[in-house]
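Chain naming here is simple, since letters A, B, ... match the order of the sequence lines and numbering starts at 1 in each.
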Number of protein chains: 2
Amino acid sequence: MPDILIKNGRILTPKGFVEKSLLIEDGIITSIGGKDVAEYVIDAKGNIVMPGLINAHTHLGMTLFRGYADDLPLKEWLTEHIWPIEARLTDDDVYAGTLLGCLEMIKSGTTAFADMYIRMDGAAKAVEASGLRGALSYGMIELGDEEKGEKELKIGKEFVKKWNGASNGRITAMYGPHAPNTCSPEFLAHVREQADEDGVGIHIHVSETKAEVDQIKAQYDMSPVKLLDDIGFLRHDVLAAHCVWLSPEDIHTLKKGNVKIAHNPTSNMKLASGVAPIPELLEDGVTVGLGTDGCASNNTLDMFHEMKMAALLHKVHKLDPTVIPMQKALEMATVDGALSLGLDTGVIAEGKKADIIIVDINKPHLTPKHDLVSHLVYCAKGSDVSTTIVDGKILMEDYEVKIFDEAEIMARAEERAKDLMGR
Amino acid sequence: MPDILIKNGRILTPKGFVEKSLLIEDGIITSIGGKDVAEYVIDAKGNIVMPGLINAHTHLGMTLFRGYADDLPLKEWLTEHIWPIEARLTDDDVYAGTLLGCLEMIKSGTTAFADMYIRMDGAAKAVEASGLRGALSYGMIELGDEEKGEKELKIGKEFVKKWNGASNGRITAMYGPHAPNTCSPEFLAHVREQADEDGVGIHIHVSETKAEVDQIKAQYDMSPVKLLDDIGFLRHDVLAAHCVWLSPEDIHTLKKGNVKIAHNPTSNMKLASGVAPIPELLEDGVTVGLGTDGCASNNTLDMFHEMKMAALLHKVHKLDPTVIPMQKALEMATVDGALSLGLDTGVIAEGKKADIIIVDINKPHLTPKHDLVSHLVYCAKGSDVSTTIVDGKILMEDYEVKIFDEAEIMARAEERAKDLMGR
């Protein structure tokens, strides 16, 4: 892998924009404004050089279902549309869907993501091929059935063993118990132990819908967060997706456990799940990353859109235009996302892994240039990303995907989706 | 102007998609699936051929302020940032800002828009040059000052006289009394009379913020809508922007008057104005178009984004995922927008004016193709528009802007914005 010098960029650092050269050696950012020769030189032409965006919650295999079933009541959507086709999914389908998702992410400036899905060998192979950084988990559903629980945990364990640390560490594995209302407390406690034994994190849905919270309350007389806390589940390595329906006590409990939150504003809007108390979580100092959720409920993987949604949704919900200022939305998609996934990325600084994108600002919708942070959050789209680098490797340069054949991936996904629907 | 044949497209008609050729003669759609030869042929290559999007409420001159002041309380934003720079605006600034806005709209598939701003000669000249269709109004603020009112109405009258019907009818003029809380009932009644006399419509902000409604209630003991109704202001040619804070009685009154609404979901979110009762208005049969508002409160002019926002915002607000289904969001941005602006566009049908765009669907984020309407509303971005035709004239083809020099417009806007800030 050649060393890379990015010159003539406006580099977004934790201290703001600097106009310096950036050197990548062996996949690491080794110098900002220092040595400025390298085997391979990228001319950023005055454009923004920034950390790659981090998608803290998605289900990439579902990229095959983009636009398959929209605007439906949640129960009908799941039981009549999503679950029946998921039951027919093969490893090859998940490979094709995940690869399509990876292609979309490379093209829209996402360099790392947390994925939870089924048939994860297919997903991991796609991530391996894509060059992206993925925190992958097999989604386990146990429904209080001990035998099913054993089978699920076995698959989860095998996945962790096989894939954790693969591809020069680009792939990390996590355990993925689906949610407190689809996994019993006993099973969740089991998973917690196993994660500790294997030294990996846990990715779980928590309090996404009011129905879920009501169900747990009826069953256990407590909130899902309290239930998880009671069994010692909540620690720094837990990535809790959604967290829409939280009490003030829940927020305190999540903070106490140093749990990381994956906020999915677009999905929460589209599925009408509700508005998560993100301003309150941030006020309490909880780390919140941003996610797109799967393509069946968004329907894209564009993290620029997600930043804008995070900034907008809470303003109108609180009737306060100062809530979630743009700088915080940008941090949620970068540095806070990295903290949420346990990655040494998300900021541009010497010693950090080189997950970097270049955003092309020479466009009408990014003109005039009063404030580049405002433009990144409120105006830029995934389609403005010209170059994507992960782990020091160029996956796309000047809008040309280099890691694999774009047309082939799209054709395969189209073919698998068609086949799946006819199966 | 040569006749144009668009072949190999998936044409979005009121009855769904059809794969036929489309012929444009003298700016009019003359045949769908009929004669298929013409002087100029566009190969749509299987992409979507659809009505150009219609932006029902914007202030294009403000495109110069994109990213200039964000995330501020409304009063501080207006009094300390927006109004002071607006006071320094020249015709040349408004020309430069409007031209930049037109360029962004051409590139993102908007073919017509309703604009209200100041120094509108500059704006009209920009629209003339851009090839777009604009319903333009001079924004009048009278504040109960009779003398000021006379001056304002004089400017408005001169603008209507000079520009209504210009550029082969691409430019239509409207009266633009700013809002019921910045114009007295006497002035508004005056404007209504003048609009009738001149046979043009009226564009006005109504009930955008709770503060405005509270102010009118304190002053007149009635809602802004009731006030407008009482003076006989509300008729079919009124385009009422925002309408966020409406009572059920207001909704009934707007319906009774056949008033058209311009809904601005992104602006309402960003400025924390509130959530307009759009499902209720639609339920009552009121025509609702979609707008981006100005670039200081959005911060783009991308109507694809606005469609997605219209579909998402009300779902989460009502906690009901079936509210504002995608088909309705698409209609709001096309056929309902045309009704709102009084245009003979917004649908692809024989006899309609040829305001047409081609959306390039050969992209990862628009794959696989289960449902193209879903993709248009939930996935497509302005940057997916490859070709824009207005009044039978090609303004952009295969991503290349043909009507004017893109780089020159961006440079001029950048220079004017910089100059304005230093003035």
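The shortest heavy-atom contact between A/Cys379 and B/Arg66 is SG-CD, 3.7 Å.
Along residues 310-319 of chain B, the residues that come nearer than 4.5 angstrom to chain A, judged on non-hydrogen atoms, are B/Leu312, B/Leu313, B/Lys315, B/Val316, B/Leu319 in order of number.
Taking B/Leu103, B/Leu64, B/Val275, B/Asp320 one by one and counting their heavy-atom pairs under 4.5 Å with chain A, the maximum is reached by B/Leu64. Interface check for chain A: of the options B/Gly274, B/Ala407, B/Ala69, B/Cys295, the most heavy-atom pairs under 4.5 Å are formed by B/Gly274. Counting heavy-atom pairs closer than 4.5 Å to chain B, the top-ranked of the candidates A/Ser374, A/Pro325, A/Ser383 is A/Ser374. In terms of non-hydrogen atom pairs under 4.5 Å with chain B, the most contact-rich of A/Leu301, A/Val373, A/Asn298 is A/Asn298. Most heavy-atom pairs under 4.5 Å with chain B, from the set A/Ala417, A/Ala413, A/Ala272: that is A/Ala272. Ranked by heavy-atom pairs shorter than 4.5 Å toward chain A, the options B/Leu366, B/Asn362, B/Leu74 are led by B/Asn362. Taking chain B as the reference chain and counting heavy-atom pairs below 4.5 Å, the highest number among A/Lys210, A/Glu415, A/Met309 is found for A/Met309. Interface summary for chain A: among B/Val323, B/Asp70, B/Thr63, the most heavy-atom pairs under 4.5 angstrom belong to B/Asp70.
In this structure, the portions of A/His365 lying under 4.5 Å from any heavy atom of chain B include both its backbone and its side chain. Only the backbone of B/Ser273 comes within contact range of chain A, with heavy atoms under 4.5 Å apart. Contact annotation for B/Asp384: neither backbone nor side-chain heavy atoms come within less than 4.5 Å of a heavy atom of chain A. Contacts between B/Lys381 and chain A at a heavy-atom distance below 4.5 Å involve the side chain alone, from C-beta outward. Looking at B/Lys107, only its side chain comes within 4.5 Å of chain A, counting heavy atoms on both sides.
Applying the salt bridge (Lys or Arg N to Asp or Glu O under 4.0 Å) test to B/Asp405 and every residue at least two apart in sequence or in another chain returns nothing.
By the 4.5 Å heavy-atom criterion applied to side chains, A/Glu406 and B/Pro364 are counted as neighbours. Between B/Lys363 and A/Glu104 the shortest side-chain heavy-atom distance does not fall below 4.5 Å. B/Tyr378 places a side-chain heavy atom less than 4.5 Å from the side chain of A/Asp71.
Looking at B/Lys308 and A/Asn299, their side chains never bring a donor and an acceptor atom within 3.5 Å of each other.
Using modelled atom types, one side-chain atom of A/Glu414 and one backbone atom of B/Lys369 make a donor-acceptor pair closer than 3.5 Å.
Counting non-hydrogen atoms of neighbouring residues, nucleotides and ligands closer than 6.0 angstrom, the CG atom of A/Asp371 exceeds 12 such neighbours.
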